[in-house]
Structure formats: structure tokens, C-alpha cells
Amino acid sequence: MYQSPRRLCSALLQRDAPGLRRPPGPPPPRRLSPTAAPRLQSPRLLAAASAARDVARSCSRTVYPMGNGTSRLYSALAKTLTSSAASQHPEYLVAADPEHVEPIDPKELLEECRAVLHTRPPRFQRDFVALPADCPSSHPPIRVMQWNILAQALGEGKDNFVQCPIEALKWEERKCLILEEILAYQPDILCLQEVDHYFDTFQPLLSRLGYQGTFFPKPWSPCLDVEHNNGPDGCALFFLQNRFKLVNSANIRLTAMTLKTNQVAIAQILECKESSRQLCVAVTHLKARTGWERFRSAQGCDLLQNLQTITQGAKIPLIVCGDFNAEPTEEVYKHFASSSLNLNSAYKLLSADGQSEPPYTTWKIRTSGECRHTLDYIWYSRQALSVRSALDLLTEEQIGPNRLPSFNYPSDHLSLVCDFSFNEEP
Ligand SMILES: NC(=O)C1=CN([C@@H]2O[C@H](COP(=O)(O)OP(=O)(O)OC[C@H]3O[C@@H](n4cnc5c(N)ncnc54)[C@H](OP(=O)(O)O)[C@@H]3O)[C@@H](O)[C@H]2O)C=CC1
Ligand SMILES: [Mg+2]
């Protein structure tokens, strides 16, 4: 039976949603984000959504990292797989059938999200900071978003966010906060970590917004230790199909001192449809915790080595997004900053001297106390690319005394968003 996109969208969002719970005390009324509103007038995502079906038909031209032989099977099973089944059967690794992609109007999805979130306090306001660029660009900028979205199983079962009420982590609402953030900034390229709802949430919804996605789970995800988990967490990389064509894709299991580790990366070569220029985009999530600095450093070296090969020795411009779990003082950061790939960290450009990373990208309170760190980065080829603007971070006041995650922000890590343009070719 035919269902309108609106009804399908609504069904996806509200599936399994029990009654909404209110945060303690009366929440202030929700307001529209001033940053979101003007961009939603732009035809970018609407065009992408209307193009989604066409692109889906032509996607046999592109490289499919997970294969599509059994995708029909996955599609048929996706809605009925239970969490434990998803983690035990290989079907969860298979992408949904692109022929079944039904475009959604991003405005409608945003409205759906806002309806689910109506009892929550308002979204935080963040502004883009324009940055001086050396040369003008005739093409629209490429917007890149980096975000550790917090795995649902880890948030509920492992992370010990002692000041965050469990109601704030409820998936049916938290997923709408995550989607709202993505829809507010409308990235062309979206790099995510700690994704443990790829196949039941992000892949189906984002593909209907015109994105093509790839997911690479951690081999031994700690999510699998959590009761009622939704499968392993991993990295996910999405790009808008009306802006890029996938040329090549690599799922990388990182090694440390030649040993295979539990951390992964995805690297893809994309061809920009407006300029025909190629870009390599990578996403990673390095090993967490203190005491593992040398391990992270080795993982970083392995990733850099892989990227050397993939970019043909830095010939292809590169953007690396990740939760590096490392402060700028750590060895792995220094390897990236001094690599022959000639990378710069985009968020340094927000500082007065252009040399300092922001004071934090994650801020939470665990049983061990307050954890405020700079761990997330967007690295870019400093010769081939310019950062046109960057989304400012949340202030301490916005984050509030209970820190993150919270009723108004869904993750313990902040999203980083930058607009890039290609520099003139020499
Ligand atoms: N069966 C097996 O053979 C194996 C099982 N495992 C399982 O995986 C787990 C570790 O996997 P690994 O990939 O190395 O995980 P990591 O140490 O990299 O951390 C996993 C997650 O825990 C979060 N985290 C960081 N610090 C803390 C903290 N203090 N308290 C709670 N959570 C924190 C991290 O979030 P963030 O990045 O946001 O800080 C990260 O997403 C093991 O405990 C085990 O359960 C792992 C390997 C082999
Ligand atoms: Mg985490």
C-alpha cells in the first residue's frame, strides 16, 4: 500500500515511542534556531531530497563498500530485526536497497522532530564565524560536520554521566535532537562516531534526505556488553549525492605496532560534481582513556600511512574528521600536525592567533568528576583547501552546570562544522 513520505517519516520517528516524559520543572518554550531557519529556506536539501530517487537509480555507477547482493533481504528484515538479532547476524552490515528510497522534505522531518521534542528546552544558538580566505571561490562551499553522537548503549549503560537524568537519554527523543542538529546545519559531508543506530535510524532517514552513507562498526564494540543493546557502535560517513560522486571507499581497521585494534576508520574519495575536483574524506574514533597515549599515537600513524596511500602521496586534498580521544598536547596530535600530508586543524582558526585549539569539545561529569577536554578535530590539507567559516562552540553558560549530555544537547561531544572551499590549483 502506498504511504506518503510524510506518513512514512512519521512512522519512522514514532515507532516504539511510548509517552513523552517531561524534564523536572517547567521547561521554557522551544524556539526556532535562528541559524537553522534561514538555511532551511535554501533549496539545497530540498533539491537533494528530490534528487534522491534519481541518484538511487544511478548508484550502480558508484562503489558500494558493503556490497548489495543481500540488500533486499536486509531491507525486508530491517524493521523486524530485534537488537540482539542485529548484533548476531551479518545482515546488519548490508546497506538498504536504494531503489526503495522515498525522499523526505527536510522541513517536514524537522517539524516531526520538533513535535517529539516539544516538552524539551530550546536548542542552543550557535553562530558561524566567517574566516578570512586567501583566494575567492566560484563554487559553493563544502560544509563538513564532525560529531561523536554518543552511542545509545554507552550513554545508558557505560558512560556514567552522573548529572544527566536518564530521561534525557531516552532514544526516541534523543535521536530527534541529533537529527535536529544535522538538519539545522545541513552538512554536505557528515562524519559520525559512536553510531549504534545506523541501520534502523540514520541510514534510512539520511538516505531519504539525499545522503549516501557508509558504516564501519568496531570489531568488539563495548555496546555489545550492554543489555538491550542495538548492535555495535562504529564510524559512519555520509555525503550528499547531489554534490558528490563516490570514487572509492576503504574501511580501515587500525593497527597499533602491527597489531589489529578495536578502532576503525572510513576513507572515501569523492568527486565534487560542481568543480570535478576530488577530495578524500576520512572519519575515525581512536582508543579512549588515559594510559593509552602511545596506543593512540600508533593508531594515528597507521591512519596517516593509509591516507598517504589513498591520497596518492597528498595529491588528493584531504579532510580527516575524528574523535581522537587526545588533547593537543598528545603525540598523536603532533603526528597529524607535522605530517607530510601538510594538515592543519580547522578549529584552531577560531582562536585569536589561529594557533590554539578550542578550550573543549567534550564536557561531562562522571563519577570520577568533571571531564572537560579537547578531543575532536577536523584536519584539512592546508594548501589545497581553505576554511571559510566555522561553527562556534557552545559557551560554558549554554552548557550549564550539569554539563553534557542534557535535555537540550544529545551528546557529551559538541558537533564541529566547517565550510571549506578548494584553493586554485597551482
Ligand atoms: N571480547 C573481546 O575480546 C574484546 C572486548 N572488548 C570490549 O570493548 C571494551 C573496550 O573497547 P575499546 O574500543 O578499547 O573502548 P575504548 O576504551 O576506546 O572506549 C569505548 C567507549 O567508552 C567511552 N569512554 C571513555 N572513557 C570512559 C570512561 N571513563 N567511562 C566510561 N566510558 C568511557 C568512549 O567514549 P569517548 O570516545 O566519547 O570518550 C568510547 O566510546 C572492553 O571493555 C570490552 O568490553 C574490546 C576488545 C576485545
Ligand atoms: Mg563516548
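Each residue takes its place number in the sequence, starting with 1. Atoms within each ligand, like the ligands themselves, are counted from 1 in listed order.
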| query | Hey, is N160 one of the residues with a heavy atom under 4.0 angstrom from ligand 1? | reply | no
| field | F128 six-ring face occupied by R143 cation (under 6.0 Å, within 45°) | value | yes
| field | Atom indices of ligand 1 within 4.0 angstrom of D225 heavy atoms, with elements | value | 44 (C), 45 (O)
| message | Under a 4.0 angstrom heavy-atom cut-off, which atoms of ligand 1 come close to L154? | response | 21 (C), 41 (O)
| note | ligand 1 atoms nearer than 4.0 angstrom to some heavy atom of K158 are 31 (C), 45 (O)
| task | Provide the number and element of each atom of ligand 1 under 4.0 Å from a heavy atom of H413. | result | 36 (P), 38 (O)
| query | For ligand 1, which atoms have a heavy atom of N325 less than 4.0 angstrom away? | reply | 36 (P), 37 (O), 39 (O)
| So between G291, P222, A288, whose heavy atom ends up nearest atom 18 (O) of ligand 1? | A288
| request: State whether any protein heavy atom lies less than 4.0 Å from atom 42 (C) of ligand 1. | output: no
| field | Close N or O approach (D233, ligand 1; < 3.5 Å) | value | no
| query | Do any nitrogen or oxygen atoms of K364 lie less than 3.5 angstrom from nitrogen or oxygen atoms of ligand 1? | reply | no
| message | Against ligand 1, does Q193 come closer than 4.0 Å with any heavy atom? | response | no
